[in-house]
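Note sheet for the following structure.
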Amino acid sequence: MMDRIISLLICLTDTPVRAFRHTSTLAAMKLMTALVDVACNVNLQWKNINRQVVSEREKDQKNCSKDRLENLSRKLQELEENVSELNNMIAYIFKGVFVHRYKDTVPTIRGLCLSEAGVWIKKCPEMFLDDSYLKYIGWSLYDKDGEVRLCCMKSLLPLFEQAELLSQLEFFTRVFKDRILQMTMDKETNVAVKAVQLLTCILKYSSASHEIVLSDKDCEQIYCLVYATRHPVAVAAAHFVNLKLFQEAAMASPAKTASGKTRSPNTMFMKDLIQFYIESELNDQAPYLVDSMWGVNKMMKDWECMTDLLLEEPGPQEEGLDDSQETVLIEIMYFCVKQSVTGQSPEGRGPHKKLSTKDINQIKEDKEKITMHFIVTLPELLMKYLMDPGKVTHLLNIVLFLKLKLYIKARQKNSLQLLLENIKTVMERHSSDEVLETGSKCLQYLCSEETSLTSICQIVLRSQVDLFVIKFLRAVDLVFRKESSHIEDDVYSMLSALRRVCAFYLYHDLSSWEIWEDLFLVLRSVSERDDIPEEIVVKTLQSCSMAVIFYYKNLNGKNPDLEEMKNLRLKLGFLMQSFQEYLFHDSDHIKEQAFLVLCDLAIIFSPNIAEDNPLLMPIVFNVDTKLTSYLTEFLLMKVFVEDAEDTVSEAMKHKELTKRRNFLSSFAKLIVYKVIHIKAAAIIFKHYIKYSKEYGDIIKYTLTKARENNKVATSKTLAISLQQMFHELQAEQGDIQCSSPAFQAIKELGKKFALSFGPDAIKNRQAIAAIHIEGILFSLTPLENPDKGPDAAPPNITFLEILCEFTCKLIKQDRKNVLEYLDKMISKSKSHMKSDDWQPFFIYRNGLLQREESSSARRKHLEESSSPESSSETSYDLRTPSPQGLQPLTSTVSRPAYQDVDLSPITEIESITSE
C-alpha cells in the first residue's frame, strides 16, 4: 500500500501542471518527514533492545534466561527489518521527489523541499547530517529567489546552534563560507540577518575550539554592517562584534585611577569600542553604532565608566585617552543618553517604533539615573572642555535630556547655578553657530518648565540677551550712524554680537528689546557698503525673519489689534522686498539664505492663515507672478545643475546635494500649501527623469500632494512641463527628429506621467482629458506654418506623438469626445493633410480609434455568433447544458464600485480648458 502511494506521488510530482506538482510534492515531503519520525523511534527502540541483548549475554549461565534472549533477538531482528524497509522508502522518496523538485521552476516548491530537508537533518542527524544531503542546501544558497535562500538559512541555523554537530559541519563551512559571507549583504533583510547569525555561531565554535575559521578580512566585512540602515541586520552584526571584541575568557582585575578610584569593569570594553569607531573611518556614524550596540552590551548605559574616562586622571598602569578618543567618547556618550531617553533609532533606520508601557517605564527610570549622574559631572565636563567647540556642543545637548525637577528633589540648586554659569561662559567665548544655537536651545529648555528654579534660569537668559543686544546696538550705531575711526574692529564687534542675537532669536522672543529698527537698518544699508562681511547680511536676514515671526506669534488670535497688524504688514512688506533684491546679490551664500527665508515667510503669511482666521487678512502676503519667476530662476541656477567636478571629495558632493534638496523642498512646499500657482511646478516636473536619483522622492511627493489639491490643474501643469521641454528641443534642433534621443526622453517622461495616474481611469478621467485637450491645443496652434508653405503641418504637430502615451488612460466615452474635438480643430485643413508632416496626427488619431474599433468589432462578432442565422449544423455550444425549463443563471458576484459611477461622456470638453 505504501509503495503504491509513494509511486503515485512521484508520478504526480513530474506533471507539468503546477497545482498537482505542488500538492504532490507537499504530500511527499510531509510523508517523508513522518517516515523520518518513525525511523528515529524505531532506531531508538533498536538501541534499547540491543543494549538489553548485550546485557543478557554478559550474564552467567545460571542467571541467563534463554527464552528472554530469544525474544529479544527476535524483536531485534524485526526492528532491523523495519529500519531497512523505512530506509528504503525514505531513499525512494528522496531520490524520486526531492532530488528533482529542489530545483523546480516554482520557488514555492523549491523552498518547501529545502525547509523539510532541514527538519530531517535536525531530527535525525546520524542519517542526514552528511555532505551527500547538505550539498543540496549549499547549492541552493545561490538561488535567485529570496524566499528560497531564506529557507536554506532557516534549515542551516538550527544545526550550527548545536555545538555537538559543528564538528560534522566543518567541510560544509569551508566550502560555502564565502557564499554565506556574501549573503550578509543580501537585499532580503531576513536572509542577511540569518547569514550574520549563522556566522556568529561559527565564530562561537571557532572561539571555543581555538580554530581560525573566519579570517580578519571576513570579520571586517561583518563589522561594517553595524552601520547598516537596516536595523535587524545592524543588531545581528552588533552581536557578532560583541562576541568577537568584547568577550574575554578571563577578566583582568579592574584598574585604578590616579586618585585611587576603581575603574568600572567595562572600561577596557569602552576603550575598544572607541578604537573600533575610529578605525571604521566613518564620520558622523556614531548614532548608528550606538543604536546597533544598544541592548547588546551593558557598557552602553555605564555612565560612570564614560565620565571617569573623561574626568579621572589615568593610573600608573593605565594609558590615557588622546584628543580624538575623547571626542569620540563624548559623541558616543551623548548618543547613548539620547537613545536611552527617547527610545528611538536614528533617522534612516526605519520608522519610529511605538513605545510600549514597559519601554516608557524604562525610559523614565533611565532618565532619572542619567539626571542624577550628570547633575554633578556635566558642569565639570563643560569646564574641562570649554574651548573645544565639538566636545562642548555634544555636552550641551545632554542638558536637553535631563529631568529638571530632580534638581529640586535632590537639592542641587548650586549645581544648576554652576551649569548656568558654564553655559554663559560658553556663549561668551565661542563664535561657532552650532555652539551658540545649542546654548540658546539649552537655556530655552531650562526656562521652559515651571519650577521654583525657573526664575534663576530666566535671570541668566535676560542678562545674556542684555549683554549681546547692547553690544550689537553700540556697534550698529558706530558703523552705520557715525563715522567710526576703527571700522574693522567695530564691524567685527557687530558680527560677534549679531551671531549671538541670531542664535537667541531662534528659540527666544526678543521683541521686548526692540531691535527691529537697527536690524532693518543693517539690512537696508549693507548693500551700499563694500566693507561689510556677507555673514552679517546672512545673520541679519535670519534675525529679521525670526523677528517678524515672533511679532505674528504675539498677536491675539481671537481679537488681533488692527494697529499691530498694520505695523506687522509694513514690516513684512519691506522685508519681503529686501529679500527679493538679495536674490540677485553677488554672493551665493546671501542669495541662498534669502531664498530660504523668503519661502518660509511666504508659507507662514500665506492666505491659508486667513482661511482659519479671517481677522488676520490684513497681514496676508500674496506671492505675485514676478516673485514666482524669481524663485523658479533660482532653482534653475542652483538646483537643476550638473554635479561638481570629479576632483571634489564625496563629502563635499554630499553636502552640496543636501543643500540643493533643501532648496527644492522649500519651493515644493509653496506648491503643496497652494502659496503659488501649480503651474510654477512645471519647472520641477520636467526634470523628473533627469534628476530622479537626486530629487525623485521630492518630485514624486510634490506631484502626489498637488493632485490631492487639484487634479485637473496638476494635469495641465504636467502638459506644460512637456511643452516646455518640447520648445527647448525645437530651439536646439529646429525641425524635431522623432528618432533623436532627446525626443525619446520627452516621450519617456510622458510615459512616466501617464503611469503616475494609476490604474483607476474613472477616478482620473477629468485629469486625463485635460492633458489631451492641452496637448491638442498646443500641437495645432498655430494651425498654419507659413515658413514651410501653405500645405505644411503645424509647427508643433510632433507633440501629438508624446500625447499618444496618455491615450491608454482615456475611457471609451471620453475617447470619442477627444476625437471629435481633434477633428473639429483641423476641420479647415483636411484638404492639406496629405504630406508626411501630418504623420504624428494620424498616429495619434488612430490611437484614439483603435480601442473603439476593436471594442465595436468584438461586440459585433458576439452578436453575430449568438444570432440564429449564424449557427450551423456543425456548431456547438461550449457552455454546460442545463435541464430544460430552467431560467438562465445570473452571476451574484458583487460588481465593482465603479459600475455605480456616472460614465456619461464629458460633453462639454472645452470646459476643461477653462478650469
Side-chain angles (χ1 to χ4, degrees), residues 274 277 283-291 293-294 300-307 309-311 323-349 352 363 366-404 406-407 415-416 418-449 457 460-461 464 499-500 502-504 506-508:
I274 294 168
Y277 179 70
N283 297 328
D284 302 326
Q285 299 296 316
Y288 297 95
L289 175 63
V290 170
D291 183 57
M293 295 297 297
W294 197 256
M300 307 306 291
K301 287 187 178 183
D302 195 341
W303 315 116
E304 185 177 2
C305 170
M306 300 178 191
T307 53
L309 279 171
L310 295 169
L311 295 174
D323 184 69
S324 61
Q325 290 175 327
E326 288 179 340
T327 302
V328 170
L329 176 55
I330 291 175
E331 188 177 1
I332 290 175
M333 182 174 67
Y334 159 63
F335 286 111
C336 284
V337 171
K338 183 178 179 180
Q339 182 91 6
S340 182
V341 174
T342 61
Q344 299 294 346
S345 299
E347 294 295 332
R349 277 272 172 94
H352 288 291
I363 286 174
D366 290 342
K367 190 171 184 178
E368 291 184 358
K369 291 180 179 179
I370 290 170
T371 304
M372 294 305 299
H373 179 77
F374 283 99
I375 278 177
V376 178
T377 57
L378 189 56
E380 298 178 17
L381 290 169
L382 284 171
M383 187 56 63
K384 181 177 180 179
Y385 300 105
L386 180 63
M387 302 311 297
D388 192 314
K391 297 185 180 75
V392 166
T393 301
H394 289 306
L395 291 173
L396 286 175
N397 276 318
I398 294 177
V399 177
L400 305 176
F401 302 104
L402 302 182
K403 189 174 181 180
L404 302 182
L406 289 180
Y407 276 95
S415 298
L416 178 61
L418 184 58
L419 176 62
L420 290 170
E421 287 297 323
N422 289 336
I423 295 175
K424 181 179 176 180
T425 306
V426 168
M427 297 285 287
E428 291 173 355
R429 296 196 181 184
H430 284 274
S431 59
S432 168
D433 290 342
E434 189 176 11
V435 176
L436 294 175
E437 290 173 10
T438 307
S440 176
K441 191 175 181 181
C442 287
L443 290 174
Q444 187 257 354
Y445 176 71
L446 293 172
C447 297
S448 60
E449 291 195 18
C457 303
V460 174
L461 171 64
Q464 285 291 94
R499 284 172 178 162
R500 289 156 176 80
C502 183
F504 277 109
L506 292 175
Y507 299 99
H508 306 276

Okay, side chain of H430, backbone of L436: is any donor-acceptor separation there less than 3.5 Å? no
Counting distance only, does the side-chain N/O of S448 pair as donor-acceptor with the main-chain N or O of Y445 below 3.5 Å? yes
Where is the tightest heavy-atom contact between L378 and L395, given as atom of each residue plus distance? CD1-O, 3.6 Å
If you count every heavy atom of other residues, nucleotides or ligands that lies below 6.0 Å from D323 atom CG, does the total exceed 12? yes
Decide yes or no on salt bridge (charged side-chain N to carboxylate O under 4.0 Å, His left out) for R500 and D433, but give the supporting numbers first. CA-CA 8 Å; R500 289 156 176 80; D433 290 342; over 6 Å; no
Closest heavy-atom pair, C442 versus L400, reported as atoms and distance to 0.1 Å, is CA-CD2, 4.0 Å
Quick one: OG1 on T393 to CG on D388, what's the gap to the nearest 0.5 Å? 8.5 Å
Nearest heavy-atom pair of R499 and S431: which atoms, and what distance? NH1-CB, 3.3 Å
Mind running side-chain contact (heavy atoms from CB on, under 4.5 Å) on Q285 and L289 for me, showing each step along the way? CA-CA 7 Å; Q285 299 296 316; L289 175 63; over 6 Å; no
Exam field: side chain N422 to backbone P379, donor-acceptor pair closer than 3.5 Å: yes
Taken to the nearest 0.5 Å, the spacing of Q344 CD from E347 CD works out to 9.5 Å
Please assess W303 against V337 for the test side-chain contact (heavy atoms from CB on, under 4.5 Å), listing each intermediate value before the final yes or no. CA-CA 9 Å; W303 315 116; V337 171; 3.7 Å; yes
Is a donor on one side and an acceptor on the other found under 3.5 Å between the side chain of T371 and the backbone of K403? yes
Distance-minimising heavy-atom pair for Y277 and N283: OH-C, 4.0 Å
Roughly how far, to the nearest 0.5 Å, is CG of D291 from CE of M300? 9.5 Å
Just wondering, are more than 12 heavy atoms of other shown residues or ligands nearer than 6.0 Å to NZ in K391? yes
Any chance you could measure I330, atom CD1, to Y385, atom OH, to the nearest 0.5 Å? 5.0 Å
CD/Q444 to SG/C457 distance, rounded to the nearest 0.5 angstrom? 11.5 Å
Closest non-hydrogen contact found for M306 with L329 is O-CD2, 3.7 Å
Hey, mind stepping through Y288 and S345 against side-chain contact (heavy atoms from CB on, under 4.5 Å) and telling me if it holds? CA-CA 8 Å; Y288 297 95; S345 299; over 6 Å; no
Between CG of L420 and CD of Q464, what distance do you get to the nearest 0.5 Å? 10.0 Å
Report yes if the side chains of L443 and I423 come closer than 4.5 Å at any heavy-atom pair, otherwise no. yes
Using the rule given for side-chain hydrogen bond (donor to acceptor under 3.5 Å, both in side chains), can you reason through K367 versus S340, listing the C-alpha separation, both sets of side-chain angles and the distance that settles it, and then say yes or no? CA-CA 7 Å; K367 190 171 184 178; S340 182; over 6 Å; no
Intermediate values then yes/no, side-chain contact (heavy atoms from CB on, under 4.5 Å), M333 and F374: CA-CA 11 Å; M333 182 174 67; F374 283 99; 3.8 Å; yes
Under 3.5 Å donor-acceptor, H394 side chain and I332 backbone: no
Smallest heavy-atom separation, Y507 atom then A503 atom, equals CD1-O, 3.9 Å
If you count the non-hydrogen atoms of other residues, nucleotides and ligands that lie under 6.0 Å from CD in E428, is the total more than 12? yes
